[in-house]
Amino acid sequence: MLQQTDVAKLARDELNRMAEPVVAAIRPLLVVPHLEERDWDYGPAGQRFLCWIVLEHPASNTGIAYCDEGFGPGSPWGLLFLEGQHLSMGPDSGWYSSLEDAFRESMACDLPTEPGYEVG
């Protein structure tokens, strides 16, 4: 099982692949990775997976999590609500192969889209 230090390293590795304007926008929103168990809507009733919350944007009640189960390992970075009634892992359209893709698709990102950049 992943540990907090493993997930923090994964996030740092992701940041090292990003351009400085994106890093500058993400850095203030990063939190010490912490675990939350979230419902998985695509398996047997009651199935849950552990998600590591790495970024929080309280203004939109959203965050970004890392989970190597469910949509991972192909799309391990997911957009999640932080509080309220919609606390499952959500649909596959909210999970991405990189932290940058998840951030760019999040409500926390107000950066212009770089020419040629595609989420993917």
Side-chain angles (χ1 to χ4, degrees):
M1 181 174 135
L2 288 172
Q3 300 297 312
Q4 183 182 64
T5 54
D6 301 323
V7 177
K9 182 181 182 323
L10 288 169
R12 280 193 310 274
D13 291 348
E14 289 283 314
L15 289 172
N16 288 336
R17 289 191 277 277
M18 296 179 204
E20 185 52 39
V22 182
V23 174
I26 288 177
R27 195 169 300 282
L29 303 174
L30 293 175
V31 296
V32 174
H34 58 278
L35 273 177
E36 290 189 6
E37 194 172 27
R38 296 289 183 118
D39 287 331
W40 173 245
D41 297 332
Y42 299 96
Q47 187 173 21
R48 299 168 67 86
F49 293 125
L50 294 174
C51 298
W52 287 94
I53 307 299
V54 300
L55 181 149
E56 293 181 351
H57 186 248
S60 66
N61 188 35
T62 61
I64 297 177
Y66 179 88
C67 182
D68 57 4
E69 298 181 283
F71 300 115
S75 298
W77 300 98
L79 301 175
L80 301 176
F81 285 105
L82 299 174
E83 298 177 337
Q85 63 182 2
H86 302 291
L87 295 179
S88 75
M89 291 176 65
D92 61 348
S93 62
W95 288 82
Y96 303 88
S97 61
S98 71
L99 176 58
E100 181 174 0
D101 285 352
F103 177 71
R104 286 187 174 276
E105 292 291 301
S106 77
M107 289 184 264
C109 183
D110 60 3
L111 297 172
T113 303
E114 295 176 14
Y117 183 86
E118 291 185 28
V119 172

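Only this structure's heavy atoms are used, side chains among them; waters, hydrogens and symmetry mates stay out.
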Asker: Is there a side-chain contact (heavy atoms from CB on, under 4.5 Å) between W95 and D101 once you walk through the steps?
Answerer: CA-CA 9 Å; W95 288 82; D101 285 352; over 6 Å; no
Asker: Hydrophobic clusters here meaning ILVMFWY residues chained together by side-chain heavy-atom distances under 4.5 Å, can you tell me if V31 and L35 are in one?
Answerer: no
Asker: Go through it in stages, so that I can follow the logic: the residues are L80 and E36, the test is side-chain contact (heavy atoms from CB on, under 4.5 Å), and I'd like the CA-CA distance, side-chain angles, deciding distance and then a yes or no.
Answerer: CA-CA 11 Å; L80 301 176; E36 290 189 6; 5.7 Å; no
Asker: Measure the spacing between CG of D39 and NE2 of H86 and express it to the nearest 0.5 Å.
Answerer: 13.0 Å
Asker: Give the minimum heavy-atom separation between L29 and A108, together with the two atoms involved.
Answerer: CD1-CB, 3.7 Å
Asker: Has the side chain of N61 got a donor or acceptor atom that lies under 3.5 Å from a matching backbone atom of E83?
Answerer: yes
Asker: Tell me if the aromatic rings of W40 and F71 count as close, with their centers under 6.0 Å from one another.
Answerer: yes
Asker: What distance do F103 atom CZ and E14 atom CD have between them, rounded to the nearest 0.5 Å?
Answerer: 13.5 Å
Asker: So, taking the atom named CG in L30 and the one named CD1 in I53, what distance separates them when rounded to the nearest 0.5 Å?
Answerer: 12.5 Å
Asker: Here's a test for you: under ring pair (Phe, Tyr, Trp, His ring centres under 6.0 Å), which of Y66, W52, Y96 qualifies with W77?
Answerer: Y66
Asker: Taking all atoms of both residues into account, what is the closest heavy-atom pair of E114 and A19, and its distance?
Answerer: OE2-CB, 4.2 Å
Asker: Are the charged groups of R17 and D13 less than 4.0 angstrom apart, N to O?
Answerer: no
Asker: Please report the closest heavy-atom contact between P21 and L111, naming both atoms and the distance.
Answerer: O-CD1, 3.9 Å
Asker: Using the rule that Ile, Leu, Val, Met, Phe, Trp and Tyr join whenever any side-chain heavy atoms are under 4.5 Å apart, tell me whether M1 and V54 fall into a single cluster.
Answerer: yes
Asker: Would you say I64 and F81 are hydrophobically clustered, going by side-chain heavy atoms of ILVMFWY under 4.5 Å?
Answerer: no
Asker: According to a hydrophobic-cluster definition based on side-chain heavy atoms being under 4.5 Å apart (Ile, Leu, Val, Met, Phe, Trp, Tyr only), do L99 and L82 belong together?
Answerer: no
Asker: Could you tell me the separation between the CD atom of Q47 and the CE atom of M89, rounded to the nearest 0.5 Å?
Answerer: 9.5 Å
Asker: Rounded to the nearest 0.5 Å, how far does SG of C109 lie from CD of E100?
Answerer: 8.5 Å
Asker: Please check if the side chain of Q4 supplies one atom and the backbone of P33 the other of a donor-acceptor pair under 3.5 Å.
Answerer: yes
Asker: Atom CD of E20 and atom CZ of R27: how far apart are they, to the nearest 0.5 Å?
Answerer: 7.0 Å
Asker: Verify the cluster assignment for L50 and L55: are they in a single hydrophobic cluster under the rule of side-chain heavy atoms below 4.5 Å apart?
Answerer: yes
Asker: Could you pull out the closest heavy-atom pair between P76 and P73, with the gap in Å?
Answerer: CD-O, 3.3 Å
Asker: Find out whether L79 and M107 are in side-chain contact, i.e. whether some heavy atom of one side chain is under 4.5 Å from a heavy atom of the other.
Answerer: no
Asker: Compare all side-chain heavy atoms of E56 with those of H34 and state whether any distance is below 4.5 angstrom.
Answerer: yes
